[in-house]
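Quick note: residue numbers are just sequence positions, from 1.
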Amino acid sequence: MDLNVRWHSQSADAAMAKLGSSDQGLSHQEASRRLAEYGRNRLEAGEHPRLLHRLLKQFANALIYVLLASALITAMLQQWVDTAVILGVVIVNALIGIIQEGRAEKALAAIRQLLSHEAVVRRDGQTRQLSAEDLVPGDLVLLQSGDRVPADLRLINTHELHIDEAILTGESSPVTKTPDPVNGPADLAERFSMAFTGTLVTSGTAAGVVVATGTATEVGRISGLLEQVETLTTPLLRKVDRFARRLALATVLLSVITFLVAWFWRHYSLPETLMTAVGLAVAAIPEGLPAILTITLAIGVQRMARRKAIIRQLPAVETLGSVTVICTDKTGTLTRNEMTVTDVVTRSAHFTVSGVGYEPEGDLLDGGSPARIEAQPAVLALATAGLLCNDALLHREGGEWRITGDPTEGALLTFAGKCGLIHETGIRNQPRLDAIPFESEHRFMATLHHDHQGSHTIYIKGAPEQLLEMCAYEGPCEASQPLDHVYWQTAADELARDGKRVLALACLRLDGIKTELNFDDVAHGLTLLGLVGMVDPPRPEAVDAVARAQAAGIRVKMITGDHAATAAAIGRSMNIGVGTGAATGGQVDGASVERLRQLINKHDVFARTSPEHKLRLVEALQAEGEVVAMTGDGVNDAPALKRADVGIAMGRKGTDAAKQAARMVLADDNFASIVHAVEEGRVVYDNLKKAILFILPTSGGEALSILAAVVMGVLMPITPVQILWINMVTAVTLALTLAFEPAESDVMQRRPNPPKQPLISGFLIWRVAFVACLMVTASFGLYLWYRGNGHSLELARTIAVNTLVFCEIVYLLNTRVLARPALSRNKLGSNPVLWWGIAVLLGLQAFFTYLPSFQGLFGTRELYPVDWLLVVAAAAAVFMVVEVEKYLFNRREHADVAGENSRKKAARLSH
Ligand code: ATP
């Protein structure tokens, strides 16, 4: 088969013929054969940078330059052990960096796999959903608004099709597409009869035949557009990076000062002076920090994925922890999206319907007693309209009734089934000629049918307000009478007040022959057949999640396309917007900036909204200083999702357009998963903070010991190699375990993290300085004491190193609980990795202290039990002092928060 054809200039029929396809699509055997021949429909990810390149990248870091300079100085002094150890550290660091980056990237790639792309295809005459990777040339693909085009297609038929081709042509406004051939060698942007991989359907529907897949597509040919490997960075990590650079500069300065003091004031020898300056440099550099932050982030992303929240852009992880408002859809997110028709209103009666789920078994009840359906032609006409104006499928799977498609429509099929109507028979009697699909902008769907006697009928269903505008009559299609607007409006309001989703159904009998359906055809003069009311129960877990979010200081707002009364009733049942009622899209439309501000402050339920309202609401909330998470599923939700601080797309019912615009995708469309993600976001933020809080005082303590030694004119209490030993072993065994810290028990009882909180806050500086001083007092104090009692320099240094390491162990216990006492029972057992880390570290310290080869390398001596006792006592003292500091600090902070809350409350009341 020759695929090297100018497809856009071929006629649709010729293209189908050349590709050996038909309106039944390919057969399964043929599709498998072609899959073997042409390969999977995917773009290979961009070539991975070579290992050497990745290794070199690890060295491009100001802190590493300082270490390399230190290695050079020790080499010049012929202190070969020091040189070797410093270089060893640099290399080990680079290797750890590469391994962790690789692991993190792999984890992210695996998560992205969860977002695999689907396509609707016809094969063997049946329509089905397939992974887009299985498409082959000749497949017949169906497109609808919101889809990402899964392969290059020659369009066969289109209906109001508009495609956004910005990723290919850079043209930002959508292009109108038709199946008419385009002559000549037209540019990509002018090939109106084609749809290209990766572009987005902004409106309309179409069918097209696949002409190219994988790397043979237009996108595949432009290598620059191949999926890029996302860099593992976020605003916080960038801040840390900037901080590291400043730290490197400060370290160099400090080393120079130390050099000057040692040389001019203390008159050290040149080698001694240089070694002191080097010691200070290696002490002050937190070698492990960048790698630990990256891995913390990656672990957080994995945890979120396990809880059904898939992160598409890493910065979302941090932002989630700061979210102050969640704006959520109702249907399917807060509710189950399992609709059941419970009420039917005709001109003469209000029936209820029994039966649960999608099983088409149940009765029509009139005042509680069963009514004979055959005797209710108005109900039958209504059920027929619901059956025909419908794109869903009702089928039985393993004994259970299920639907494919929109649950609102599925419920109508079940209801029709209860009335004895079957979809296949209905369609056979009245085949469909054309349709206007449902969109939340116009809130109705219409289909055009003909019967075998030659008459044509349009069926419409949609929101009652919308349909009442379009209807002039009521009653059966054949014999209608003028519409009683008040009767229907009252009936619809009553159903909605009960929290029911209300749909009106109407029809229009046509005189002549018609094959196409347009908006003008249904604008007026329709005949209303009746109303149906459906229940869609809240998800129980969403009710809990709303409560959890509210306890965490997050306001939950429901923004829905449904009726105001329905939305308010469902909101009430979930404790959203109780007592304030629903605002409507109409109110948002005409609102001034000030009025909008009042609306968003007062109301938590917004009904009858369309996607533009979502955008206005996000902007208004952000103007109030809120950090907004916003859900969406439709193609027109994309601008609001992009604008929100965390745009959240629905994984199941969301369109590709929404997913592409979102920073996070919910695998199960469930509100509870958003709250889980917020919780994990807070945990990641806590853990990043803990890692920084843990590592910096350690480096600071070491640097301070050396400074103190110089100022006091004594020999260094810890040598550069010993410092490197401490930094490396504690980074790997202690600091890394913080990445695995589970949530603190109060994580969802605190207020959201202030988004603009500086990384180097006053608290951090205080904590670093305070703990550094404590560690110096302990280790340098013992060092001086041992020296004072006539012990060898080596023994005193071994004591100093072990004291520092033990101080770090206890300080890790302090840090892993930010605000509460460290020694609670459930906290101690909550992170087994931590205890493994400590056990390994103790083993390493035993080697360091007792193994002859280590003693040779690091200049250490063996310790006796009484020495250990002193070391442990010093560490225990440090632990206690930090706990007291934590207690005092938090008491002050609580007092501040309480004060701020009461100020806010007073301000709201006066408002
Ligand atoms: P959200 O998901 O935003 O919470 P929603 O799903 O209730 O809200 P839409 O899907 O925009 O909102 O529906 C708005 C209204 O349109 C519904 O109240 C209903 O009356 C009508 N409607 C919904 N689905 C269909 C459909 N498939 N065909 C015709 N009308 C529909």
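Under the 4.0 Å criterion applied to side-chain N and carboxylate O atoms, E37 and R33 are assigned as salt-bridge partners. With respect to the salt-bridge test (charged N to carboxylate O, under 4.0 angstrom), the residues E30 and R34 qualify. Salt-bridge check for K177 with E165: passed, with a basic side-chain N closer than 4.0 Å to an acidic carboxylate O. Taking 4.0 Å as the cut-off between side-chain N and carboxylate O, R336 and D536 do not count as a salt-bridged pair. For the pair E359 and K418, the salt-bridge criterion is not met [side-chain N within less than 4.0 Å of a carboxylate O]. Taking a cutoff of 4.0 Å between a charged side-chain nitrogen and a carboxylate oxygen, R432 and D391 qualify as a salt bridge.
Looking at every heavy atom in both residues, L387 comes nearest to G426 through CD2-CA, 4.2 Å. The heavy-atom pair separating G138 from S21 by the smallest distance is O-OG, 2.8 Å. Heavy-atom minimum distance, E133 versus L35: O-CD1, 4.1 Å. Residues L161 and V201 come closest through the heavy atom pair CD1-CG1, 3.6 Å. Across L528 and A504, no two heavy atoms sit closer than the pair CD1-CB, 4.0 Å. Closest approach of K308 and S673 over heavy atoms only: CB-OG, 3.7 Å.
Relative orientation of the H442 and F438 rings is perpendicular, given thresholds of 30° and 60° on the angle between their planes.
The distance from atom CE of M339 to atom OG1 of T331, rounded to the nearest 0.5 Å, is 5.0 Å. M534 CE to T414 OG1: the interatomic distance, rounded to the nearest 0.5 Å, is 9.5 Å. Once rounded to the nearest 0.5 Å, the distance linking CG of D521 with NE2 of H524 reads 10.0 Å. In this structure, the separation between OG1 on T560 and CZ on R501 is 7.0 Å, given to the nearest 0.5 Å. Rounding to the nearest 0.5 Å gives a distance of 13.0 Å between OG1 of T457 and NZ of K514. With rounding to the nearest 0.5 Å, the separation of CG in D562 from OG in S440 is 11.5 Å.
A donor-acceptor contact shorter than 3.5 Å is absent between the side chain of T425 and the backbone of L421. Side-chain atoms of H8 do not come within 3.5 Å of backbone N or O of S193 as any donor-acceptor pair. A donor-acceptor contact shorter than 3.5 Å is absent between the side chain of S455 and the backbone of D451. Looking at D669, its side chain does come within 3.5 Å of a backbone N or O of K653 through a donor-acceptor pair. Looking only at distances, a side-chain donor or acceptor of N390 sits under 3.5 Å from a matching main-chain atom of G386. One N or O on the side chain of D139 and one on the backbone of V136 form a donor-acceptor pair closer than 3.5 Å. Between the side chain of H162 and the main chain of V175, no donor-acceptor pair closer than 3.5 Å is present. Put simply, the side chain of D434 gets close to the backbone of L517: a donor and an acceptor are under 3.5 Å apart. Using a distance-only test at 3.5 Å, with no hydrogens or angles considered, no donor-acceptor pair links the side chain of H456 to the main chain of L508. The closest donor-acceptor contact from the side chain of T217 to the backbone of D152 lies at 3.5 Å or more, if one exists at all.
Side-chain contact between L382 and V532 is present, with heavy atoms from C-beta onward closer than 4.5 Å. The shortest distance between side-chain heavy atoms of L140 and M16 falls below 4.5 Å. For the pair K659 and T655, the minimum side-chain heavy-atom distance is 4.5 Å or more. Inter-residue side-chain proximity for Y358 and R402 is flagged as unmet; no heavy-atom pair is nearer than 4.5 Å. Using a 4.5 Å heavy-atom threshold, the side chains of T205 and P437 count as touching. Taking the side chain as every heavy atom from C-beta outward, F415 and P360 never approach each other to under 4.5 Å. Side-chain contact between F444 and L467 is present, with heavy atoms from C-beta onward closer than 4.5 Å. Residues L142 and V121 form no side-chain contact, since every pair of their non-hydrogen atoms from C-beta on lies 4.5 Å or further apart.
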Derivation of the salt bridge (charged side-chain N to carboxylate O under 4.0 Å, His left out) call for K18 and D13:
CA-CA 9 Å; K18 281 208 165 91; D13 290 340; over 6 Å; no
Between L413 and I403, is a side chain to side chain contact (heavy atoms under 4.5 Å, CB included) present by the stated rule, with each step listed?
CA-CA 9 Å; L413 293 184; I403 55 143; 5.6 Å; no
As a quick check of understanding, evaluate side chain to side chain contact (heavy atoms under 4.5 Å, CB included) for V149 and F196, giving each step before the final call.
CA-CA 6 Å; V149 178; F196 298 107; 5.9 Å; no
Determine whether N636 and E441 satisfy the following criterion, side-chain hydrogen bond (donor to acceptor under 3.5 Å, both in side chains), listing intermediate values before the conclusion.
CA-CA 9 Å; N636 297 328; E441 277 78 19; 2.6 Å; yes
Worked check of side-chain hydrogen bond (donor to acceptor under 3.5 Å, both in side chains) between H613 and D589:
CA-CA 7 Å; H613 298 130; D589 269 335; 3.0 Å; yes
Verdict with supporting geometry, V210 and L19, side chain to side chain contact (heavy atoms under 4.5 Å, CB included)
CA-CA 8 Å; V210 175; L19 290 157; over 6 Å; no
Salt bridge (charged side-chain N to carboxylate O under 4.0 Å, His left out) between K461 and E409, intermediate numbers included
CA-CA 10 Å; K461 67 179 195 313; E409 299 186 355; 2.9 Å; yes
Under the criterion salt bridge (charged side-chain N to carboxylate O under 4.0 Å, His left out), I'd like the reasoning laid out for E465 against R608: C-alpha separation, chi angles, the key distance, then a yes or no.
CA-CA 10 Å; E465 308 99 288; R608 287 293 187 233; 2.6 Å; yes
Stepwise side chain to side chain contact (heavy atoms under 4.5 Å, CB included) test for E218 and L188:
CA-CA 9 Å; E218 293 299 333; L188 275 189; 3.7 Å; yes
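If you check the side chains of S9 and N183, you find no donor sitting under 3.5 Å from an acceptor.
When the shell of 6.0 Å around CZ of R652 is examined, it contains 12 or fewer heavy atoms from other residues, nucleotides or ligands. Within 6.0 Å of the CD atom in E516, the count of heavy atoms belonging to other residues, nucleotides or ligands does not exceed 12.
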